[in-house]
Peer 1: 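The structure's right below; bear with me while I get my questions together.
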Amino acid sequence: MDFTFSEDHAMFRDSVRGLLERECTPERVRTLWQPSDSPGSRVLWGKLAELGIFGMMAPENAGGLAMNEVDLVLPLIETGRAAFPGPVVECAAVAVPALRDLGDEALQELWLAGVASGDTILGFAHAANNLVADADVVDALLVGQGSELHLFPSDQLSLTHQPANDPGRRLFKVDVSSGSADTRIAGGQAASSLIADALDRGAFGTAAQLVGVAQQLVDIAVTYATQREQFGKPIGSFQAIKHALATVQVKIEFAKPLLYRAANSLATRADTRSADVSQAKAGAGEAATAAAKTSLQVHGAIGYTWECDLQIWMKRAWSLDLAWGSAAFHRGRVADAIIDGSSPARSFGFEAR
Amino acid sequence: MELSFSPQLQAFRAEARTWLDANVPDPALPSLDTAEGFALHRGWERKLNEGRWAMVPWPVEYGGRGANLIEWLVFEEEYYRAGAPLRVNQNGIFLLGPTLMEYGTPEQKARFLPKMASGEEIWAQGWSEPNAGSDMAAIRSTARREGDFFVLNGQKTWASRGAFADWLFGIFRTDPDSERHRGLTFILIPLDAPGVNVRPIAQLDGETGFAEVFFDEAKVHVENQLGDEGGGWKVAMATAGFERGLMLRSPARFQATAARLVELYREVGDSADPALRDAVGRAWTSAEAYCLNTYQTASRLIAGGSIGSEASLNKIFWSEMDVHMHETALSLLGARSQLLPHAPEAGNVGSWLDGFLFSLAGPIYAGTNEIQRNVIAERLLGLPR
Ligand SMILES: Cc1cc2nc3c(=O)[nH]c(=O)nc-3n(C[C@H](O)[C@H](O)[C@H](O)COP(=O)(O)OP(=O)(O)OC[C@H]3O[C@@H](n4cnc5c(N)ncnc54)[C@H](O)[C@@H]3O)c2cc1C
């Protein structure tokens, strides 16, 4: 029993954070809101790829690092903290392990080799998301369709952009009616289990980003509340402000261990992994949406403007909270697992009599 | 990261389970806030100590097993699984004990720890005074030095289990010219000393769960001073840190409540508001989050880390979770939840009402949650004072 991350994990997190603080600034994020700038997004994507994030979970013979969710979770939090644009979760945490698990070496060679270097971007369309985020930047989209898994190279995709609230996470309706035996990469039981795993991994990765988003929202509010003065003193000295932010920090702090445990459950394929992921996703979503509301309130009117960078993270909190299953969906899965399970529910370490 | 229990831990768990299954009193002991219940709980502490289960993390010389924090968590999981009695000496074993290990002289440790572990001496905590609650540095009770003795005057209040306890620890103003947190000294006081008067106070449930303690020229030997004279605040803060930190509310307590809540839902859920299903799931998740957070902290401490103001996050979390779980249980039971257990129609209401009332004290004692939010905002987030 050792619920800590290694020094290597911490060092890697720090280098991802350092890179994103330099490169993924709010100004940069705003320029990437324009769809015409997708070459710019490739440049940014490439910098993150240089650190080795995207191939982390790919097998070694496909240029990957054969790592797992425990290795990926801290970097993913950082991508949330930076509101990094693009399908990071869908590529690194969902599509890559799906192709790994599918085990088809020809497919791996074709699609995974370029992922590690950042040359290839993969996405994953799942029934949990009726619109697909960032589908315009992918080179190939894995699509879970009923009990089949398809892979569409981008030139076979038909996308309709759906303008939405979060300008940094563009949504698309994807027409998959061209799916055929050519695009089909798995069927039957194999496909069903890959698609179920995709939901768990997508929810997990999104939860990680939400934790980063939540912390960033609090940190921005703390900075603002320390500088902004009213009644002759910083607004951060008022207890109503302090307590609101402290309340959010408690939520964040207790979302984290659920997230880390979910990472471990996925990595070890624990039979509780789906419920563990759901606890993490619901907890992270609640922390992030609470952080968004509170951070806006702490900012007052300035936070309600387009100019204020707060919107970058607020809107990310809302869009990610509803991606890969809403908090309500995931709480439902948890309740099903603990209440309807035939055996007495088991909690971490504790076993009821 | 390794989240499985090693064979050694599993063996330790099995050993604890076997002993507890064989020894936990059945039926459960009467409330420890009665004279009879208190005596029976003291007897249970003696039995635990005979099995060397009273304080597993303590060194062997004081009756412990030198267990690490993870082993302690495992023991607690088994303790709550077995439905074992509340720890009547929790102020001693969880709060004063660790403080003594840090600040006590070798003589003090040898004098107090073994009797604490065996339940022979049960401790009450004396911080609060009528005019010093959240603002603990406002205390006025004094200790005047006369030769080898302190002479105590003043009043402490809300001392949990003070009505039946044997000893009290608290801070007293030893420097009459001092203000606030300076000039205070941490003193250990036998409650049967002449000049010490204990007056029980009935709590919300009608039982004498706490007491006020009056000091009228009460004499205590200076060897009962813990830490430096005038340095009592620092020692008291260490004790308060243990209270908010890892020991006082071990996760298994809430996991056991969450498991009972699931059982209750399975029994009565068909007729209950479907929204309560969500509340039960939330309660379960909260208990898991608290447990996992504690394992994280324990792992960090074992690896040489420390715990500071983060303890305030814990205190808010467990106390609010406990209230929420009990509110959910009462909603599931409906109007029947208000019945006392001996009411003819009470049926399976069990101890939920009792637990509900007690849960409401959680956000007040051990530093109110408002004070904890101040700490989080100022010390963790860095907001201006
Ligand atoms: C069941 C129970 C057991 C207890 N056991 C013990 C014990 O064994 N030993 C012991 O010494 N004490 C004990 N206490 C007392 C407890 O420590 C105090 O109740 C607590 O410190 C609060 O003090 P108070 O009750 O005087 O409330 P006050 O300090 O008067 O507070 C009243 C309200 O004002 C708020 N408030 C006060 N100051 C601030 C501030 N700066 N900012 C924001 N809000 C503020 C508080 O949060 C609270 O909501 C116990 C209390 C209970 C309920």
Peer 1: Check each atom of F238(A) against the heavy atoms of chain B and say whether the ones under 4.5 Å are side chain, backbone, both or neither.
Peer 2: neither
Peer 1: Between Y295(B) and F3(A), is the ring centre distance below 6.0 Å?
Peer 2: no
Peer 1: Contact part of V222(A) toward chain B, heavy-atom cut-off under 4.5 Å: side chain, backbone, both or neither?
Peer 2: both
Peer 1: So which part of L3(B) gets closer than 4.5 Å to some heavy atom of chain A, the side chain, the backbone, both or neither?
Peer 2: both
Peer 1: Are more than 12 heavy atoms from other residues, nucleotides or ligands located less than 6.0 Å from atom CD of E267(B)?
Peer 2: yes
Peer 1: Do side-chain atoms of Q255(B) reach the backbone of F348(A) as a donor and acceptor pair under 3.5 angstrom?
Peer 2: yes
Peer 1: Could you tell me which portion of N369(B) (side chain, backbone, both or neither) has an atom closer than 4.5 angstrom to a non-hydrogen atom of chain A?
Peer 2: neither
Peer 1: Could you have a look at T4(A), I241(A), V334(A) and say which one has the most heavy-atom pairs with chain B under 4.5 angstrom?
Peer 2: T4(A)
Peer 1: Name the region of S6(A), side chain, backbone, both or neither, that has any atom closer than 4.5 Å to a heavy atom of chain B.
Peer 2: neither
Peer 1: Given that the side chain runs from C-beta out, which part of V250(A) has a heavy atom under 4.5 Å from chain B: side chain, backbone, both or neither?
Peer 2: both
Peer 1: Roughly how far, to the nearest 0.5 Å, is CG of N293(B) from NZ of K256(A)?
Peer 2: 9.5 Å
Peer 1: Looking at H243(A), Q239(A), K242(A), which one forms a side chain to side chain contact (heavy atoms under 4.5 Å, CB included) with E370(B)?
Peer 2: H243(A)
Peer 1: Can you tell if the side chain of I316(B) reaches within under 4.5 Å of the side chain of Q249(A), non-hydrogen atoms only?
Peer 2: no
Peer 1: What part of D219(A) is in contact with chain B, defined as an atom under 4.5 angstrom from a non-hydrogen atom: side chain, backbone, both or neither?
Peer 2: neither
Peer 1: Give, as side chain, backbone, both or neither, the part of T285(B) having an atom under 4.5 angstrom from any heavy atom of chain A.
Peer 2: both
Peer 1: Between atom CZ of F254(A) and atom CD of Q296(B), what is the distance when rounded to the nearest 0.5 Å?
Peer 2: 9.5 Å
Peer 1: Looking at V70(A), T247(A), T223(A), which one has more heavy-atom pairs under 4.5 Å with chain B than the rest?
Peer 2: T247(A)
Peer 1: Is A256(B) in contact with chain A via its backbone, its side chain, both, or neither, using a 4.5 Å heavy-atom distance?
Peer 2: both
Peer 1: Under 4.5 Å from any heavy atom of chain A, what part of L9(B) do you find: side chain, backbone, both or neither?
Peer 2: side chain
Peer 1: Quick test of your reading of the model: are E351(A) and R13(B) salt-bridged, counting only N-O distances below 4.0 Å?
Peer 2: no
Peer 1: Could you tell me the separation between the CD1 atom of I376(B) and the CD atom of E253(A), rounded to the nearest 0.5 Å?
Peer 2: 9.0 Å
